[in-house]
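Below, chain A is the first sequence line, B the second, and so on; all start at residue 1. Note that the structure is predicted; figures quoted are calculated from it, not measured. Note: hydrogens, waters and symmetry copies are ignored here, and every other heavy atom, side chains too, is used.
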Protein chains: 2
Amino acid sequence: MLIGELVKITGLSKDGLRYYEDLGLIHSKPVKAGTRIYRDYDDTTLERLALIALGKRMHFSLRDIGAVLNRAINDQISREERRAFLLAQAQQVDTQIADLEDVKKQLLFFADQPDKEVVDAHLKEIGLYYE
Amino acid sequence: MLIGELVKITGLSKDGLRYYEDLGLIHSKPVKAGTRIYRDYDDTTLERLALIALGKRMHFSLRDIGAVLNRAINDQISREERRAFLLAQAQQVDTQIADLEDVKKQLLFFADQPDKEVVDAHLKEIGLYYE
DNA sequence: CTAAAACTGTAGGGTTACCCTACAATTTTC
DNA sequence: GAAAATTGTAGGGTAACCCTACAGTTTTAG
């Protein structure tokens, strides 16, 4: 399929997809169109894009996502290795969730309209103090 | 305190802090130093920076964080209003956590080395299909 | 069958949230 | 009184795109 169809399917932009390709996250076969060359993507691209989307929801950089893809979609790697790697990624998600739980706790603290003393003590607790 | 102390306390960079100030997330009083002018921050800056840090952990843009700060640290606003606003932010965190739970679920799916058919069905389920 | 519409490509500028020099003016320290 | 540390400004670079704009190509409509 050409890039336009990928745009329709994924909702991503033409620019974004070409940027992914520049970074090596997806690949295409060049097809001739007169003096021009179009990009033809095969259907495995969709799996790659699905994993890229997961990486973005984890707020990974595209370079890091590229590294993940190389390990997650790779014939050179054993199934066990691949499985272990993806489980490790899932654990990272747990870490991120734990971090957000802490963020929530702190927001609730600030919501309780604490007075200056209490706020200062809290700031000290999270490492923000001076003198 | 001058910017150097803020750097020590927060671990943020001089450039980063000045960028925050350019965006109006923190403020300073100018103090004269010969022909130069230094920035003097008061201690309320630390509370602002604590909230900024929470916003960053929620992956908010700095402009959005600025909007949050205007509502969270604002004498013009009633305590109830402020409280309600921060509780709404906490709910947003819940939404983000739910999203990450879904990410985890999908990672575990891919970890189970599914064959092409199953993967295709999954892609379809999450909205990635063509033809 | 041709003219317009739709689709591709490249190129260049803009944005966000910084980092990283480099250099000048100012303290502070020895 | 000189060196070291601290501030300031200025300019360039990065990441992950978006947004024109323009030029070939292919498809569609009349």
Side-chain angles (χ1 to χ4, degrees), chain A residues 1-42 45 48-70 99 103 130-131, chain B residues 1-42 45 48-70 99 103 130-131:
Chain A
M1 55 191 139
L2 297 184
I3 201 166
E5 196 162 6
L6 267 192
V7 168
K8 271 187 215 153
I9 294 173
T10 62
L12 298 170
S13 73
K14 176 180 100 170
D15 280 358
L17 287 165
R18 300 213 291 110
Y19 186 57
Y20 290 174
E21 189 163 0
D22 285 347
L23 294 183
L25 302 188
I26 58 177
H27 316 288
S28 66
K29 275 184 194 163
V31 291
K32 281 184 195 159
T35 65
R36 299 282 188 99
I37 292 176
Y38 288 180
R39 301 150 198 271
D40 188 39
Y41 300 95
D42 65 11
T45 305
R48 301 185 79 88
L49 287 171
L51 285 171
I52 291 169
L54 292 182
K56 299 207 71 180
R57 286 163 74 186
M58 291 175 71
H59 301 282
F60 278 18
S61 72
L62 292 184
R63 266 136 197 105
D64 286 350
I65 290 173
V68 170
L69 279 178
N70 285 341
D99 186 63
V103 168
Y130 65 121
E131 281 169 340
Chain B
M1 55 191 139
L2 296 184
I3 201 167
E5 196 163 5
L6 267 192
V7 167
K8 271 186 214 152
I9 294 173
T10 63
L12 298 170
S13 72
K14 176 179 100 170
D15 280 357
L17 287 165
R18 300 212 291 111
Y19 187 57
Y20 290 174
E21 188 163 0
D22 285 348
L23 293 183
L25 303 188
I26 58 177
H27 315 287
S28 65
K29 277 184 194 163
V31 292
K32 280 184 195 158
T35 65
R36 297 283 186 101
I37 291 176
Y38 288 1
R39 301 151 198 271
D40 188 39
Y41 301 94
D42 65 11
T45 304
R48 300 186 80 89
L49 287 171
L51 284 171
I52 291 169
L54 292 182
K56 299 207 72 180
R57 286 162 75 185
M58 291 174 72
H59 301 282
F60 278 18
S61 72
L62 292 185
R63 265 136 199 105
D64 286 350
I65 290 174
V68 170
L69 279 179
N70 285 341
D99 186 63
V103 169
Y130 65 121
E131 283 167 340

Pairs satisfying salt bridge (charged side-chain N to carboxylate O under 4.0 Å, His left out), at least one member in residues 22-34 of chain A, at least two apart:
none

Nearest whole Å is fine: how far is [N] [atom2] from [X] [atom1]?
{"X": "B:D22", "N": "D:dG8", "atom1": "CG", "atom2": "P", "result": "11 Å"}
{"X": "A:E21", "N": "D:dC17", "atom1": "CD", "atom2": "P", "result": "15 Å"}
{"X": "B:H59", "N": "D:dC17", "atom1": "NE2", "atom2": "P", "result": "15 Å"}

Going by heavy atoms in the side chains, are [X] and [Y] under 4.5 Å from each other?
{"X": "A:L12", "Y": "A:V7", "result": "no"}
{"X": "A:I65", "Y": "A:L23", "result": "no"}
{"X": "A:L51", "Y": "A:V68", "result": "no"}

I need the [X] [atom1] to [Y] [atom2] distance, nearest 0.5 Å.
{"X": "A:I3", "Y": "A:R39", "atom1": "CD1", "atom2": "CZ", "result": "6.0 Å"}
{"X": "B:T45", "Y": "B:Y20", "atom1": "OG1", "atom2": "OH", "result": "13.5 Å"}
{"X": "A:K56", "Y": "A:D64", "atom1": "NZ", "atom2": "CG", "result": "13.0 Å"}
{"X": "B:T10", "Y": "B:L17", "atom1": "OG1", "atom2": "CG", "result": "5.0 Å"}

Take nucleotides 5-18 of chain C nucleotide by nucleotide from the 5' end and write B, S or -, depending on whether a protein heavy atom sits under 4.0 Å from the base, only from the sugar-phosphate, or from neither.
---BBB-----SBS

Return the angle between end axes of the helix from C:dC1-D:dG30 to C:dT15-D:dA16, with five pairs used per end and rounding to 10°.
20°

